[in-house]
Amino acid sequence: MKRSRTINVHIRPYSSGDLASITELFRKTVHAVGIGHYTQRELDAWAPVDLPVEAWEKRMAENTSLVAEKDGMIAGFAELSPNGVVDMMYVHKDHLRRGVASALLAELELSADGRGIERLTTNASRAAKQFFLDRAFTVLARQTVTRGSVLIENFQMAKKLPQVSSPAILCP
């Protein structure tokens, strides 16, 4: 697969002022990127018009939530829970395959390492599965989640983070 030109992005912590932009990015991304992987009914259940904005605000505040910006616009976002779950990784359709998700994941991995998290997990969509496989995640299970009355397939995946060893102290 040919990779598009990599872009430079600025990764920063999420702030509550980002909520409207990221929920819009989420809806548009799910519907644009997911169309080849899921039915319209599944996409509508996954990213409905009436997102629970208050719940989003709460979860983004409780987790390590990052935003990728390009030229002052939000190009993507992702979050890491205290127990090592990578979630809510979405990239604007115009910035796919340009390094945005990779930059977000790298920052989340640094954050996890700094907190002593040894293993990351995620529930990857069909569209995101290859991205995570390419970054040393393995599929643990195919699973089905329910959104409303609609069943949606995804993949439970995990990655063991490299152990950062302390430098050896040499004694003469």
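Residue numbers run from 1 in the order of the sequence given. Because the structure is predicted, anything quoted here is derived from the model rather than measured. Hydrogens, waters and symmetry mates play no part in the numbers below; they use all other heavy atoms, side chains included.
- Transitive grouping of hydrophobic side chains (ILVMFWY, heavy atoms separated by less than 4.5 Å) keeps Leu120 and Val85 in distinct clusters.
- Using a 4.5 Å heavy-atom threshold, the side chains of Val33 and Leu96 count as touching.
- The shortest side-chain heavy-atom distance between Arg135 and Ser102 falls under the 4.5 Å cut-off.
- Here Lys93 pairs with nothing under the side chain to side chain donor-acceptor pair (under 3.5 Å) rule; sequence neighbours left out.
- Between Ser16 atom OG and Glu57 atom CD the span is 5.0 Å, to the nearest 0.5 Å.
- Alongside Ile74, the hydrophobic cluster contains Tyr14, Leu19, Ile22, Leu25, Phe26, Val30, Ile35, Tyr38, Leu43, Trp46, Leu51, Val53, Trp56, Met60, Val67, Phe77, Met88, Tyr90, Val145, Val150, Ile152 (criterion: ILVMFWY side chains under 4.5 Å).
- Taking a 4.5 Å side-chain heavy-atom cut-off between Ile, Leu, Val, Met, Phe, Trp and Tyr, the cluster of Leu140 contains only that residue.
- Thr29 is linked by a side chain to side chain donor-acceptor pair (under 3.5 Å) to nothing, counting only residues two or more places apart in sequence or in another chain.
- By the side chain to side chain contact (heavy atoms under 4.5 Å, CB included) test, Ala101 is found to be paired with Met89, Val91, Phe131, residues two or more places apart in sequence or in another chain being considered.
- Ala103 and Val9 make their closest contact through CB-CG2, 4.0 Å (heavy atoms, listed as atom of the first residue, atom of the second, distance).
- If you take CG on Asn83 and CD1 on Ile117, they are separated by 7.5 Å, rounding to the nearest 0.5 Å.
- Here the shortest heavy-atom pairing between Val100 and Ala75 reads CG1-O, 4.0 Å.
- When all heavy atoms are compared, the tightest approach of Ser111 to Thr64 is OG-CG2, 3.8 Å.
- Checked by atom type and distance alone, the side chain of Thr122 pairs as donor or acceptor with a backbone atom of Val86 at under 3.5 Å.
- Looking at Met157 and Thr138, their side chains never come closer than 4.5 Å, going by heavy atoms from C-beta outward.
- Shortest non-hydrogen contact noted between Arg27 and Pro48 is NE-O, 2.8 Å.
- Few gaps surround NZ on Lys70; more than 12 heavy atoms of other groups in view lie less than 6.0 Å from it.
- Rounding to the nearest 0.5 angstrom, the gap separating the CE atom in Met73 from the CG atom in Asp94 is 10.0 Å.
- For the 3.5 Å distance criterion, the side chains of Ser21 and Glu24 fail to qualify, holding no donor opposite an acceptor.
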CA sep, side-chain torsions, deciding dist, call: Ser65, Asn63, side-chain hydrogen bond (donor to acceptor under 3.5 Å, both in side chains): CA-CA 6 Å; Ser65 301; Asn63 294 310; 5.4 Å; no
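- Using a 4.5 Å heavy-atom cutoff, the side chains of Leu108 and Leu66 are in contact.
- Using a 4.5 Å heavy-atom threshold, the side chains of Glu153 and Arg142 count as touching.
- A heavy-atom distance below 4.5 Å is found between the side chains of Leu80 and Arg115.
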Step-by-step salt bridge (Lys or Arg N to Asp or Glu O under 4.0 Å) determination, Arg59 to Asp87: CA-CA 10 Å; Arg59 76 177 284 162; Asp87 200 7; 2.4 Å; yes
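- Evaluated for a salt bridge (charged side-chain N to carboxylate O under 4.0 Å, His left out) with Glu109, the options Arg119, Lys159, Lys160 yield exactly one hit, Lys159.
- Under the side chain to side chain donor-acceptor pair (under 3.5 Å) criterion, Arg12 pairs with Asp18, Glu69, sequence neighbours left out.
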